[in-house]
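Counting starts at 1 for both ligands and their atoms, in listed order. Throughout, residue positions are numbered sequentially from 1 according to the sequence presented.
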Amino acid sequence: VREVYPLLREIQSRLLMREVVRQELEQFQARINAQLELQTRREEELLINTQQRKQVELENKQLEVQLHTTSEQIIKMGVDQFTLKDPSSISKSNQQLADLKQLKVNLEEKIYSNMELLENLENEIPKIKKFIEGVQISIKEMEHERDQLKANKSIELTKNAELLQSAVSGLPPSQGQTVKSLINNQPTGKILTAIINGKQCGNCHMHIPPAVGQELDKFKAIIKCQTCGLILIPNT
Ligand SMILES: [Zn+2]
């Protein structure tokens, strides 16, 4: 079974290579996802901006009606005052008129400040839209780059998969089955591992009993680590 360990090393390196490519593509996709997230947040901002403007516009419409009514009341009261004779009625009417005029000033101020708020909100829109456009362009570019990367890597991965397959086929049937099931159970990770310094499992760093080490040194069989279940292969 001497030829088993080189095959296992070959399988190990093919699986690692597959994993490296998978991670590279995953990291690239994560960068795209971050941009998509940014786009969503800005789109939400745009939506909130629209809702706020609608609210302020509605409020101003109501205030304009109130202002119109108040102005008419002031005019009417001014006219009516000429008919008043006794001082207490005149004084009372003056107070009411003063209150109405103050109300009118307050309404005008509120309307004005709402208009300013509207202007600020409107000024924000092109900025947000421009930002979204920029993000969309960069997402498109990154997606294109990702697709190219995928296409390039796919050639590499196909070759890698063929070499993996041929190494697995080279194993004795029963061991090939063991390796295949390990590959299927851990499709993205490493399935084999080396003993470091002949004493530890290279994956979980558990101590390897001397008897197991001796057996491995004799190249006798596929032995799994009792702790992590990976196949142990000698370091040399
Ligand atoms: Zn282990």
Side-chain angles (χ1 to χ4, degrees), residues 1-41 135 138-139 141-236:
V1 205
R2 200 162 264 277
E3 70 278 11
V4 164
Y5 289 128
L7 284 171
L8 290 177
R9 282 202 194 88
E10 168 80 1
I11 292 167
Q12 168 75 87
S13 74
R14 294 297 149 205
L15 289 171
L16 282 177
M17 142 113 206
R18 188 175 73 176
E19 173 65 3
V20 165
V21 172
R22 190 190 68 80
Q23 279 181 12
E24 197 179 339
L25 289 170
E26 193 180 86
Q27 278 161 13
F28 205 96
Q29 187 57 47
R31 280 171 55 206
I32 295 175
N33 291 347
Q35 293 291 308
L36 286 167
E37 176 74 22
L38 210 57
Q39 181 188 340
T40 305
R41 249 183 285 148
V135 172
S138 108
I139 288 171
E141 285 170 355
M142 287 169 78
E143 280 174 343
H144 179 67
E145 218 179 307
R146 177 203 59 197
D147 292 345
Q148 275 189 324
L149 186 70
K150 263 190 184 170
N152 290 340
K153 291 293 173 185
S154 121
I155 301 164
E156 218 174 310
L157 282 174
T158 305
K159 183 77 191 151
N160 190 63
E162 282 167 12
L163 291 169
L164 175 64
Q165 183 52 45
S166 107
V168 173
S169 310
L171 290 169
S174 67
Q175 300 184 359
Q177 276 312 111
T178 307
V179 169
K180 264 186 207 162
S181 84
L182 276 170
I183 294 175
N184 291 336
N185 289 334
Q186 300 188 22
T188 62
K190 47 194 177 179
I191 59 145
L192 310 170
T193 185
I195 297 172
I196 296 168
N197 297 328
K199 291 211 170 69
Q200 282 183 340
C201 166
N203 179 54
C204 69
H205 303 296
M206 278 304 287
H207 178 72
I208 304 293
V212 174
Q214 279 164 21
E215 211 173 329
L216 279 167
D217 287 340
K218 288 182 208 152
F219 292 158
K220 268 189 182 160
I222 283 186
I223 299 171
K224 288 188 198 171
C225 169
Q226 288 173 346
T227 311
C228 71
L230 297 191
I231 296 173
L232 297 168
I233 50 176
N235 201 16
T236 50

**Complete:** side chain to side chain donor-acceptor pair (under 3.5 Å) test vs Ser138 passes for just one of Gln35, Arg31, Glu143, namely Gln35
**Complete:** Only one of Val212, Leu230, Thr178 passes side chain to side chain contact (heavy atoms under 4.5 Å, CB included) with Lys224, and that residue is Thr178
**Message:** Among residues at least two apart in sequence or on other chains, which ones pass side-chain contact (heavy atoms from CB on, under 4.5 Å) with Thr227?
**Reply:** Cys204, Met206, Cys225
**Prompt:** Who passes side-chain contact (heavy atoms from CB on, under 4.5 Å) against Leu157, sequence neighbours left out?
**Reply:** Arg18, Val21
Check: residues 146-155 side-chain donor-acceptor pairs under 3.5 Å, at least two apart:
residue : atom : partner : partner atom : Å
Arg146  : NH1  : Gln29   : OE1          : 2.7
Asn152  : ND2  : Gln148  : O            : 3.4

**Prompt:** Closer than 2.8 Å to the Zn ion (ligand 1), how many protein N/O/S atoms do you count?
**Reply:** 4
**Message:** Out of the candidates Glu26, Glu19, Gln27, only one should pair with Gln23 under the side chain to side chain donor-acceptor pair (under 3.5 Å) rule; please name it.
**Reply:** Glu19
